[in-house]
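Within every chain, numbering begins at 1; the chains are lettered A, B, ... in the order of the sequence lines, protein sequences first and strands thereafter.
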Amino acid sequence: MHRRRKSSSEGRFAGLIAGMVLLMACLWLGPSAARAQSVPSGYTPGDTHVFLGGEAGVGTDITKNQTSFTEPDLGLMPLVQEGRFFLESGFDVGIGSPVEVGPLNLSYMLPHGILLRLGQFDALPIGRFPRTYDPGWINPLAAGPIGFDNFGDLTDFGLEVQGSGFIGNMRVRTFLSLTNGFTLQTAPGSAGLLNSGPVTDNNKAKMIGGRISVTPFFSSNFDLGVSDYYNSNVGNSGSRYDGVSSNVLAIDANYAPTLRSLKGFMRLRGQVNFVHVGKATYMDASGQPYTFDNNSSVWYGMVGYQPSMASSTFLQKVMVSFMLSHVNTPSGARWSDLGTGTQYDAGLTYWFTWRTNLKFSYDIQENTTNTLMLRVSTQI
Amino acid sequence: MTKYIRTLLSRYKMRLVLLGLVLGMVGGIYGCATTSPKEKQASGPQLWAQDCQSCHNAPPSKDFSNSEWDVILYHMRIKANITDQEAKKIKAFLQHQ
């Protein structure tokens, strides 16, 4: 499950309301309308299918001066499918912190496999990392790329349409969404950053965007995607920031070739996000106005190799991986508590099963103590 | 004239990118009904290995019941945006192992 930052009480309240509306819609529509509709071909008519999924992780961080056991991570994801309806829900459980609800959305499958979704989405497909590769049982490294939490990851409320098809033998995948969108942070220390939500809607404007990706060769896993999300207003309605726009553009490429000559397979992943926020004048802690060109970017590249066809059964389950990631922030921004610069990660992963792994990752960040991270992650 | 076009492109660059993306996606969604010759030929096991492995290790069929596979395949259509035909073939393979 995608890891989110703590939301405000207003955000949680809005999430609760949205959740109640969705649950009522599900309860109301589920028994009657779903049975009245034809079910997608291949699914059993009239049956309600329930699945409890999720993920969990435990671990330790070791630095030169300290060894600390990290807070265990547990995310539960109850899924319900009845006919063409599908409920996706999730609960993040933390030690000593309130249970956070999300994602929480209802899907309806239109003819030809087109999916219509309404509710809260855990991460919009701004590239692929936040939505697909972040979970601990998928990411072979213990850490994610630097900066992706702040520049190009959004949990949001809205409507999404998605589908996939072919042009010749080239696969085309599309997501199109209309959501409340990012909101602008204006407090000293974070003024000019975009909130990654889930956040309370702060004006009439909605964010429109989506992702289109192509897999040019059918039998290959090479996938190239472009995402763009535009919001004409991220400022609070009626405030001095009313009318400040934002745009997030992401380009990603992913490839997982099987290489018989190397007796294994590789994972090659990369993504770059360009974040633009319109011109605005902010106030620093002493009340002095300042402004800056608010353009940021983040990128990462990862390579992993697993000798899955080696003669040794132990080696078959080992993956070696490296990641390089970087964040560029505007020179005039006065952001504190924000990781900057370049991050280097090297990792060794042992897969006990297809969904449970033991990871040793060494993380080097500029201006931060190097850390050896040990993690055990599993998909439930 | 060239200057005018440049100014226009500069001013509306973001919106043009977005418009192109929206048009591309609408076209893509309309194209969902299409299948490819290779997709028709591809078997369930082949698609299972190819589509699952592109993001994570491919789960074996014995790990979940038929009813659970129904839910998981629907969910993977949301997460990975695999096509209608592919989902059906993979599910048929996993449920009949």
Measure distances from [X] to the heavy atoms of chain A and classify the residue's part below 4.5 Å as side chain, backbone, both or neither.
X       : answer
B:Leu47 : side chain
B:Glu86 : side chain
B:Ala42 : side chain

Salt-bridged, [X] to [Y], with N to O below 4.0 Å?
X        : Y        : result
A:Lys279 : A:Asp293 : yes
A:Arg131 : A:Glu160 : yes
B:Lys89  : B:Asp84  : no
A:Arg267 : A:Asp223 : no

Tell me, side chain or backbone of [X] under 4.5 Å from chain B's heavy atoms, or both, or neither?
X        : value
A:Asn169 : both
A:Ser107 : both
A:Phe222 : neither

Choice from A:Glu88, A:Met170, A:Arg171, A:Arg117 maximising heavy atom contacts with chain B below 4.5 Å: A:Arg171
query: Who wins among A:Asn139, A:Thr258, A:Thr353, A:Leu115 for the most heavy-atom pairs under 4.5 Å with chain B?
result: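 Option with the top pair count is A:Leu115.
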- request: Report yes if the side chains of A:Asn254 and A:Arg128 come closer than 4.5 Å at any heavy-atom pair, otherwise no.
  value: yes
task: Measure up the B:His56 and A:Trp354 rings against each other and bin them: parallel (under 30°), tilted (30 to 60°), perpendicular (over 60°).
output: tilted
- request: Sort out for me which of B:Gln53, B:Gln85, B:Glu68, B:Lys79 touches chain A most, counting heavy-atom pairs under 4.5 Å.
  value: B:Gln53
- prompt: So, for A:Phe182 and A:Tyr229, is the gap between ring centers shorter than 6.0 Å?
  reply: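 Centroid distance A:Phe182-A:Tyr229: not below 6.0 Å, so no.
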